[in-house]
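Structure first, then comments.
Along the sequence shown, residues are numbered consecutively beginning with 1. Worth knowing before you read on, the calculation uses all heavy atoms, side chains too, and leaves out hydrogens, waters and symmetry mates.
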Amino acid sequence: MTELSKLLEVETGELMASGLHPGLSGLGPLLWADGENVIFSNGRVRKTQGYVGLANLAARPTGLASARKATERTTYVGAGGAYYGYTTGAGLTALGSGLTAGGIWTFAPYGEHLVACNQLDGLRYWNGTIDAAITTPFADAQGIFKYRRQVFAYGGTNPQTIERCDVDAPTDWTPTLLNDAGITYGRSLDGAITSAWVFGGGGGQYVGIYTTGSLSLYSYVAGTDIYSLREVVIPGIGAASHYSVVSVGNKQFGFSPQARFWMTDGVGSQYIDEPSVRKYVEGLLSLDRLSEITGWHDAQNSMVRWVLPTGVSSFFSLGFRYDSPIGWTRFSDSVLIGESATVWPYTFLGKSGRLLRGDMTEDDNDSSAMSAWIQTKPIECQNKRKWKEIEKIELDIVSTGTVTVQLGYSDHPLETPDWTTAYPVDNAIYLNREDQREGPYVSLKISSSGTNSNWELGRFALYGQMGALVET
């Protein structure tokens with residue numbers, strides 16, 4: 001028997017966890033050409049965790065926020081013409097209904113109470129018992145946020161203004177000589193305000209105020225003008241929608257209408273998308289549905305995730321790992337919105353008609369299979385001019401359920417690989433004779449599609465023979 005040669009080995013480390021490059025073809029990616037529902041961490045790649053279904057919703061959720069109350073934690077959900085509160089004790093309860101559907105919901109939890117905005121009906125107030133309209137000097141708002149001890153509304157009827165309620169009085173928005181309600185005009189802004197998030201959470205020093213093309217900073221200064229707006233501090237990092245900006249500690253990540261992903265600390269900024277991601281997004285993004293873009297912080301995976309619209313009514317999703325090594329991944333799990341795990345020990349999420357929570361111990365997607373796959377680029381295995389015949393695959397993989405591996409051969413890096421039979425994963429896999437094909441380029445693919453399936457890959461190696469030179 002001819003001794004097998006090790007033609008390729010990829011070990012645990014930065015290359016294994018280098019992320020996906022879905023916009024690149026041929027030899028362009030570092031290692032992984034494409035995949036779905038996979039997470040890169042600790043030098044390895046694994047299937048993403050699953051979700052537990054919590055409750056049915058009457059419409060697609062467009063807003064999520066959580067708050068810790070005196071006796072319990074609550075997640076607020078806006079869907080269609082209603083908004084809800086979810087607790088572990090009572091489950092999902094409608095707080096306000098019969099409102100206009102079609103807007104994006106934003107929330108400002110205020111102690112035991114809540115201010116809600118759906119962009120279409122003015123502000124709503126939940127006092128713990130009943131829902132009621134708030135009388136304001138403005139007809140509607142693009143969104144709201146809480147900063148210090150006040151609630152703020154931006155955009156809408158007055159697209160370049162920020163209005164605020166009185167201190168500790170979220171239903172009092174009419175300015176008088178005896179209160180601290182008021183308005184700040186952004187006369188030098190380069191457009192309407194599209195998003196606003198506090199750096200460092202609700203107790204942060206600054207609020208990032210975004211238009212479609214720039215970042216300005218809003219802060220408390222006291223004195224006659226209680227709040228100050230430093231306009232257009234950083235141009236070029238606009239926000240496509242309220243939820244296109246994600247606050248992570250003292251940094252904010254976002255997506256601009258120019259189809260660019262960026263990061264800022266309020267002092268400087270940088271683009272975080274690489275050419276492959278930019279090309280992929282530009283080929284799918286629906287520019288007339290930018291207001292539907294959502295993003296959230298997935299703290300469990302050190303990742304910021306965005307959901308972007310494509311076509312008339314569909315969506316696609318990308319995740320950016322900001323920890324080392326940085327990298328991108330794709331999702332096809334039907335999740336449309338998420339909320340950072342700051343109040344609960346897990347992330348709350350929503351898909352059409354359902355409220356979910358993330359669960360690191362769950363394999364499935366709300367009782368349905370969570371399919372996952374990942375595929376390398378065509379690899380030349382030492383010499384692109386020689387034929388390879390792979391006979392053995394070694395995998396450092398931990399798996400449950402149905403997980404398979406395949407090899408693909410191609411004569412050219414731009415060709416679609418000719419895939420072998422799918423083999424159940426194991427530490428050592430010997431290919432059937434009919435699958436010991438020849439080709440100058442080899443690809444490897446790991447897949448799982450059944451329920452109760454999970455896997456994590458830390459290393460792979462290919463063994464076989466290297467043949468004669470390829471004819472040119």
Do any N or O atoms from the side chain of [X] and from the backbone of [Y] form a donor-acceptor pair under 3.5 angstrom?
{"X": "Gln150", "Y": "Cys165", "result": "yes"}
{"X": "Ser448", "Y": "Ser371", "result": "no"}
{"X": "Asp359", "Y": "Thr361", "result": "yes"}
{"X": "Ser453", "Y": "Ser449", "result": "no"}

Could you check whether [Y] and [X], counting side-chain N and O atoms only, form a donor-acceptor pair closer than 3.5 Å?
{"X": "Arg321", "Y": "Thr329", "value": "no"}
{"X": "Ser286", "Y": "Asp288", "value": "yes"}
{"X": "Trp197", "Y": "Ser195", "value": "yes"}
{"X": "Gln406", "Y": "Trp419", "value": "no"}
{"X": "Glu274", "Y": "His21", "value": "yes"}
{"X": "Thr211", "Y": "Asp190", "value": "yes"}
{"X": "Ser340", "Y": "Trp296", "value": "no"}
{"X": "Asp333", "Y": "Asn365", "value": "no"}
{"X": "Asp363", "Y": "Gln49", "value": "no"}
{"X": "Thr75", "Y": "Ser66", "value": "yes"}

Practice task
Before giving the answer on ring-ring contact (aromatic ring centres under 6.0 Å, His included), spell out for Trp328 and Phe320 the whole-Å C-alpha distance, their side-chain angles and the decisive distance to 0.1 Å.
Solution key: CA-CA 5 Å; Trp328 290 86; Phe320 172 73; 5.0 Å; yes

Evaluate the side-chain proximity of [Y] to [X]: yes if any heavy-atom separation is below 4.5 Å, no if none is.
{"X": "Ile293", "Y": "Pro309", "answer": "yes"}
{"X": "Leu336", "Y": "Thr294", "answer": "no"}
{"X": "Gln160", "Y": "Tyr154", "answer": "no"}
{"X": "Leu215", "Y": "Thr264", "answer": "yes"}
{"X": "Trp262", "Y": "Ile272", "answer": "no"}
{"X": "Val221", "Y": "Tyr227", "answer": "no"}

Identify, with sequence neighbours excluded, every residue that meets side-chain hydrogen bond (donor to acceptor under 3.5 Å, both in side chains) alongside [X].
{"X": "Lys69", "result": "Tyr76"}
{"X": "Arg60", "result": "Glu292"}
{"X": "Tyr110", "result": "Asp168"}

Exercise for the section: Among Tyr280, Phe253, Trp306, find the one that has a ring-ring contact (aromatic ring centres under 6.0 Å, His included) with Phe261. Expected result: Trp306

Mind checking salt bridge (Lys or Arg N to Asp or Glu O under 4.0 Å) for [X] and listing every partner two or more places apart, or none if nothing turns up?
{"X": "Asp366", "result": "Lys351, Arg354"}
{"X": "Arg46", "result": "none"}
{"X": "Asp121", "result": "none"}

Practice task
Show your reasoning for whether ring-ring contact (aromatic ring centres under 6.0 Å, His included) applies to Trp173 and Tyr125.
Solution key: CA-CA 12 Å; Trp173 290 74; Tyr125 183 64; over 10 Å; no

Handout entry: Residue pair Phe348, Tyr86: steps toward the ring-ring contact (aromatic ring centres under 6.0 Å, His included) verdict
Key = CA-CA 10 Å; Phe348 271 79; Tyr86 176 87; 5.7 Å; yes

Problem - Derivation and outcome, side-chain contact (heavy atoms from CB on, under 4.5 Å), residues Met16 and Trp32 - result: CA-CA 8 Å; Met16 179 66 72; Trp32 302 110; 3.5 Å; yes

Problem - Distance flag, aromatic centroids of Phe152 and Phe145, threshold under 6.0 Å - result: yes

Handout entry: Aromatic contact, Tyr83 with Trp105 (centres under 6.0 Å)
Key =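 Close enough - the centres of the two rings lie under 6.0 Å apart.
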
Practice task
From the options Val246, Val304, Val245, select the one residue that forms a side-chain contact (heavy atoms from CB on, under 4.5 Å) with Gln252.
Solution key: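 Per the side-chain contact (heavy atoms from CB on, under 4.5 Å) rule, the option paired with Gln252 is Val245, out of Val246, Val304, Val245.
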
